[in-house]
Amino acid sequence: MPASRRFLHLFLSLLCCLALTACERALEGKAPPLRPLAYTEAPPEQATPGQEEENEALFVAPEDLGMTLYQALVEQERTDFESVFVTAPELVELIRAEQKGAQASVAEYIRKSEPTWTLFTPVEASEESIGGLGGLLRLVDFELGRGRNLAGKLSRSGDDIVQHWGNELKLQLIDGTKTFVVRVPKIVKVRGGWKLAQGIEADPALRMYIEAGIHLKAELLLPEHYPYPLAVGNYWKYRVRQIGTSANEALEEQLEAQGEMQAEEQTVTLSITELLPRRGYLIASLERQASAVDAKRTLFRYLATPRHIYHCTRDCYDNIDDLSYLLGYMSKQTPIMLFPLRRGSGWDKAGRLAPHNRYEVKSQPDAHVVVPAGDFVNPFIIVGSIEEGHEERSFVPAVGVVQRRVRSGTGPRVEELLEYRVLF
């Protein structure tokens, strides 16, 4: 290579090195240049983070929906409970409804389901059995109604099934064969999978089972915990006075209080002779003995649960081990006691509120009753209607009824506690 050309080559190499060094020094302390756009964006066919989860069906099969509903109810998971209902956007897409109308419909589905949600809600956590209702009830089936198309008609071969009407969530007692039902009137298939599109409702037997407290701890029925101390050997002796037959009952009571009117008097003793405990309830047999010479001993029974006490008829007693029968029986009867008692409250058939309650607890926190057996402060005053007429009971927890007043066609009658024995 000629000397002149070799010199030119060396000169150009030196010039390039100086230029590169200058560029590196100029970039020191500065952010590196942006990478090509192809490296900063996901390919068009790849979903952005979170989008895949949003579009993924949560309840691919109806059974997934049924299991989530069951777990949400027994575990009281509110978020999971509301997740099983169709959303407004899903309803809009399914039936082309307006957004506002769809929102109102979804809110109505949840509102109609609130009584069932509340039914499963514990009142006192300390009274719940271990595991709550989830430890007593197991899911045995989510029975679907006939498949239907979008128009609501029964599906035929080849039709797309997007609805099921008349579905039932079936729950069974773990330690028995009794099956309860939560009715699920309609489910629909949307982008998010199968969802509820109507309010749910517990069947009457399940509602009675929970409201009567049969699911609660068995210890609540023990005499040391139960407001009405039910134990064999306990007795209550009352002085019974029939004041008179005048129609002016207020005047009769005034004269009787002043000692100006004689009253027919006898004693009546109520004794507990037998207890037949079962899971969550018991039958108590009581003997009634009056002091009259020709009086015969009579036997009657109570059906007691942690929340209610009912008179138990012969048929009730004969079906003591038939829970289905007893739940139906209780749903048609009015309990004589409802626990916990609250002043100002009331109840009617099955222990539920009604427009005109059969029993009410007076709002008298300062009540004071003096009877031969003692001086009782702040008893619960329970008023109600019975076959004889009208009654007023003064009830003291852990003691029992200390006074009872009855107004009937034969005149006022007063029953006052003379003595009692309560064993714990």
Side-chain angles (χ1 to χ4, degrees), residues 62-78 80-81 84-85 109-110 112-125 127-145 164-187 194 196 198-218 220-221 277-282 303-308 310 316 319-333 335 338 349-352:
E63 292 75 15
D64 301 330
L65 175 66
M67 176 58 74
T68 301
L69 176 59
Y70 160 74
Q71 291 178 334
L73 288 173
V74 299
E75 297 174 10
Q76 285 293 283
E77 293 290 345
R78 184 69 189 193
D80 291 345
F81 177 68
V84 301
F85 290 90
Y109 302 156
I110 297 177
K112 287 186 175 181
S113 302
E114 284 298 330
T116 301
W117 170 262
T118 303
L119 183 67
F120 280 78
T121 304
V123 178
E124 292 288 346
E127 296 180 348
E128 294 290 313
S129 299
I130 297 176
L133 284 168
L136 298 174
L137 299 172
R138 61 187 178 94
L139 176 62
V140 293
D141 190 20
F142 185 37
E143 188 174 291
L144 298 176
H164 287 281
W165 296 2
N167 316 288
E168 293 185 342
L169 190 72
K170 295 191 174 181
L171 312 177
Q172 189 178 76
L173 288 175
I174 292 176
D175 61 352
T177 59
K178 174 61 183 174
T179 299
F180 300 106
V181 171
V182 175
R183 298 189 180 96
V184 184
K186 182 193 291 187
I187 64 173
W194 288 95
L196 272 62
Q198 275 192 17
I200 63 173
E201 182 184 14
D203 70 11
L206 179 57
R207 183 181 177 188
M208 191 74 253
Y209 175 81
I210 297 177
E211 289 179 345
I214 299 176
H215 66 296
L216 299 176
K217 290 179 179 177
L220 294 174
L221 283 168
R278 296 296 187 268
R279 174 64 183 87
Y281 62 95
L282 60 82
L303 167 59
T305 75
R307 292 280 184 257
H308 302 164
Y310 298 85
C316 164
N319 288 278
I320 182 175
D321 293 310
D322 188 341
L323 181 59
S324 294
Y325 173 88
L326 293 180
L327 291 173
Y329 176 83
M330 289 188 288
S331 67
K332 299 173 185 177
Q333 307 294 319
L338 185 143
K349 189 177 295 184
R352 296 166 192 155

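None of the values given here were measured: they were computed from a predicted structure.
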Q: Start with the C-alpha gap between Leu133 and Ile210, add the side-chain angles, then the distance that decides, and say whether side-chain contact (heavy atoms from CB on, under 4.5 Å) holds.
A: CA-CA 9 Å; Leu133 284 168; Ile210 297 177; 3.8 Å; yes
Q: Inspect the contact between Arg278 and Asp321 and indicate whether a charged nitrogen and a carboxylate oxygen are less than 4.0 angstrom apart.
A: yes
Q: Evaluate the ring planes of Phe81 and Phe85, with Trp represented by its six-membered ring, and classify them as parallel (under 30°), tilted (30 to 60°) or perpendicular (over 60°).
A: perpendicular
(Q) Would you compute the distance between atom CD of Glu201 and atom CG of Leu119 and round it to the nearest 0.5 angstrom? (A) 10.5 Å
Q: Could you tell me whether a side-chain N or O of Asn319 sits under 3.5 Å from a main-chain N or O of Asp322, the two making a donor and an acceptor?
A: no
Q. CG of Asn167 to CD of Gln198: how many Å apart, nearest 0.5 Å?
A. 10.0 Å
Q | Beyond-backbone contact of Arg183 with Val181, side-chain heavy atoms, under 4.5 angstrom | A | yes
Q: Decide yes or no on side-chain contact (heavy atoms from CB on, under 4.5 Å) for Trp117 and Ile110, but give the supporting numbers first.
A: CA-CA 10 Å; Trp117 170 262; Ile110 297 177; over 6 Å; no
Q: Look only at the side chain of Arg279 and the backbone of Ile214, and say whether a donor-acceptor pair between them is shorter than 3.5 Å.
A: yes
**Q.** Any donor-acceptor pair under 3.5 Å from Tyr209 side chain to Pro204 backbone
**A.** no
Q) Between Leu216 and Glu128, is any pair of side-chain heavy atoms under 4.5 Å apart? A) yes
Q.
For a quick test of reading the model, state the closest non-hydrogen atom pair linking Ile200 to Leu196 and the distance between them.
A. CG2-CD2, 3.3 Å
**Q.** Note, Phe142 side chain near Glu168 side chain (heavy atom, < 4.5 Å)
**A.** no
(Q) Do Leu221 and Pro306 make a side-chain contact, defined as non-hydrogen atoms from C-beta onward lying under 4.5 Å apart? (A) yes
Q.
With a 4.5 Å cut-off on side-chain heavy atoms, are Asp80 and Gln71 touching?
A. no
Q | Interatomic distance, Met330 atom CE to Tyr281 atom OH [nearest 0.5 angstrom] | A | 8.5 Å
**Q.** Note: Glu127-Arg307 ion pair, threshold 4.0 Å (strictly below)
**A.** yes
Q) Do the side chains of His215 and Ser129 get nearer than 4.5 Å, heavy atoms only? A) no
Q. Taking C-beta and beyond as the side chain, do Val182 and Leu206 meet within less than 4.5 Å on heavy atoms?
A. yes
(Q) Please determine whether a side-chain nitrogen of the Lys or Arg among Lys349 and Glu211 lies less than 4.0 Å from a carboxylate oxygen of the Asp or Glu. (A) no
Q | Closest contact, heavy atoms only, Leu326 versus Cys316 | A | CD2-O, 3.8 Å
Q. Taking 4.0 angstrom as the limit, do Glu143 and Lys170 come out as a salt bridge?
A. yes
Q. Just how far is it from atom CH2 of Trp194 to atom CD1 of Ile187, taken to the nearest 0.5 Å?
A. 5.0 Å
Q) Which value, rounded to the nearest 0.5 Å, describes the distance between Lys178 atom NZ and Leu137 atom CG? A) 11.5 Å
Q. What are the two closest non-hydrogen atoms of Gly351 and Leu338, and how far apart are they?
A. O-CD1, 3.2 Å
Q | Closest non-hydrogen atom pair, Pro335 against Gln333 | A | CD-O, 3.7 Å
(Q) Quick one: does any side-chain atom of Thr305 pair with a main-chain N or O of His308 as donor and acceptor, under 3.5 Å? (A) yes
Q: Check whether any side-chain N or O of Tyr70 sits under 3.5 Å from a backbone N or O of Val140 as a donor-acceptor pair, and report yes or no.
A: no
(Q) We want to know whether Thr121 and Gln76 form a side-chain donor-acceptor pair, criterion being a heavy-atom distance below 3.5 angstrom. (A) yes
Q | Minimum heavy-atom distance Val184-Leu69, with the two atoms named | A | CG2-CD2, 4.0 Å
Q | Heavy-atom pair of closest approach, residues Gly145 and His164 | A | O-ND1, 2.8 Å
Q: Using a 4.5 Å cut-off on heavy atoms from C-beta on, say whether the side chain of Leu169 contacts that of Asp141.
A: no
Q: Working to the nearest 0.5 Å, report the span between CE of Met208 and CG of Leu327.
A: 7.5 Å
